[in-house]
Chemist: 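Below: one structure in structure tokens.
As the structure is a prediction and not an experimental result, all values here were calculated from the model. Quick note on labels: first sequence line is chain A, next is B, and so on, each numbered from 1.
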Amino acid sequence: MAAPAGENPNAAPEIGHCVVCDLPVEGRRHELGGRIYCDEHYARATLGSRGTWPAIGAMIAGLVILAVVMLIVGDRISEELSDNWIALIGLGVSLLPGVLWLLVFRHLDKLEAEPHTFLLSMFALGALLAGTIGEPLRRGLLDLHRWQPDSWFWSVAVHTLTQGVVQALLVYIAVRWTVYLTDEFDERADGIIYGTAAGLGIATLLNINYVLDNRGLNLDVGTTRIIVDALALAALGGVVGYGLGQVKFERHAPWFVALWVAVAAVLNGVFEWLQSEVTAQELGFEGWPALLFAGAFAVVVFGFVFYLLRVAVRETLSRAGRTTATATGEH
Amino acid sequence: MATTAIPRRMHLDRPRVSLSDAIVLGFAIIAFLAGWLVKDWHDNRVVTTTVAGVEVAYPRGWVNFGGAAPVVLHAISDNDPLTSAILSVQETDQPDILLAIATGAPAIGSDQTGYVQLANEPMTVDGVSAVRTDYAYVLDGAGGRSVPVIIRGRQFSWIHNGQLYSFAVEGPESEWTNIRSEANRLVGKIDIAQ
């Protein structure tokens, strides 16, 4: 494994000073954006740039607000427009979650800003992988988009093992063999940022397929479906990204990332079943419950990831504290 | 030609597959194959029932409404009310199924609008000589407001103990590929009491 990004293996042994506390940093140095950090402030910084979590919050809020607006006015708009116009608007709405993520990030992530070309590439790569691998397997081979399981158990089991695993793997591939290998991947939270972008790319491709399958869809329910998918896949991309961020900056067992791919897959399967339970109505899809459920799902999953990240940082801090105490002879 | 240097931070390390990657890929492949098998098993479960001396099967979840003579089994799909499996039984003097078909033995759907036989092919069902017939008709939804639907079906007919048995799976033309494979699967499960 290459030396973790953020550390400079070729750095000269001279003493630097932490950009935050200004104390001398000897031995192992950490750098972010060319600035030196001590162990403690490096751990704090890698919780995520100041903009990461507000950006995630803003994205969820923005998508939910958009869906609410469309639930209120979408039906009236649909009546005025032809099917072609509705399909065109639907395609535009499919792209919106990804665009919103990029725009919000551009605005909020200023401390250690990620290159937007990377975020855009991750988004596009997620969509491309979904189009070339994910959807041919999900729709072409397994016919999952029309499948009706007998019970909750079959729904969770099959969606987890097929759709869930494939989509989590696509996020993994998109991040692992591109941005993960660059020095830009220099914070634990970067995995979440890029995983979310890849998840949104997958959601975009799924939603484009959905719009093209349903040319005359109602914009209220159609937009809600699009946003529900985006919220879920963004959150699940964040889970896989969390695993990648951890292994890049911490030593873990070889199966550690596979565990997070599995967690994302199980959440995908559970979401698919719960969504169908919450939204099922006699002849189709209920918009409001779907939206509330997907919004809550995204908040809970990202909240869980945020909590795990804090725990990891706390452990790093306590290790750094123990190291300092040992070095200074404190007991 | 001028070249542009790639900024250091955008430089890609040489990609390689670590043990961790191999575990993820291996896990994903095994899980996907397992999921495929589970789904296949779920979708192929059947209910078997014995009617008129013959054991027939229809997909689990389909509802058997029985039927009026000569229909003894009419199982309708839980996903699509136009897709169903039908078994009819009627007495016949004809000992040979090929001759029976050639002389116009009654067939499933033959009383429907625009009924047409598209292909006939000799075969066997549980070791008994049979004829496979692909057919189509128009379900015009008389009295309703629905657009007429083309129904396609695959029927298997055989004669046993002086009875003409016809087993068919039919459904909307748009689902023909699935209907055909379902018919082929279900006919393989027919057990004719010898």
Chemist: Highest number of heavy-atom pairs under 4.5 Å with chain B: which of D150(A), L137(A), L141(A)?
Modeler: D150(A)

Chemist: Please classify the contact of A262(A) with chain B as side chain, backbone, both or neither, using a heavy-atom distance under 4.5 Å.
Modeler: both

Chemist: For W41(B), does the six-membered ring have the charged nitrogen or CZ of R45(B) within the cation-pi criterion, i.e. under 6.0 angstrom from the centroid and within 45° of the normal?
Modeler: yes

Chemist: Between W260(A) and chain B, which part of the residue has a heavy atom less than 4.5 Å away: side chain, backbone, both or neither?
Modeler: neither

Chemist: Where on V166(A) is there a heavy atom nearer than 4.5 Å to chain B: the side chain, the backbone, both, or neither?
Modeler: side chain

Chemist: With only heavy atoms counted, which part of L169(A) is less than 4.5 Å from chain B, the side chain, the backbone, both or neither?
Modeler: side chain

Chemist: Can you see which heavy atom on V125(B) is nearest to which on A130(B), and at what distance?
Modeler: CG2-CB, 3.6 Å

Chemist: Which bit of D40(B) is near chain A, if near means a heavy-atom gap under 4.5 Å: side chain, backbone, both or neither?
Modeler: neither

Chemist: V54(B) versus F167(B): any side-chain heavy-atom pair under 4.5 Å?
Modeler: no

Chemist: Is the shortest distance from a Lys or Arg side-chain nitrogen in R146(A) or E175(B) to a carboxylate oxygen in the other one below 4.0 Å?
Modeler: yes

Chemist: Please determine whether a side-chain nitrogen of the Lys or Arg among R152(B) and D134(B) lies less than 4.0 Å from a carboxylate oxygen of the Asp or Glu.
Modeler: no

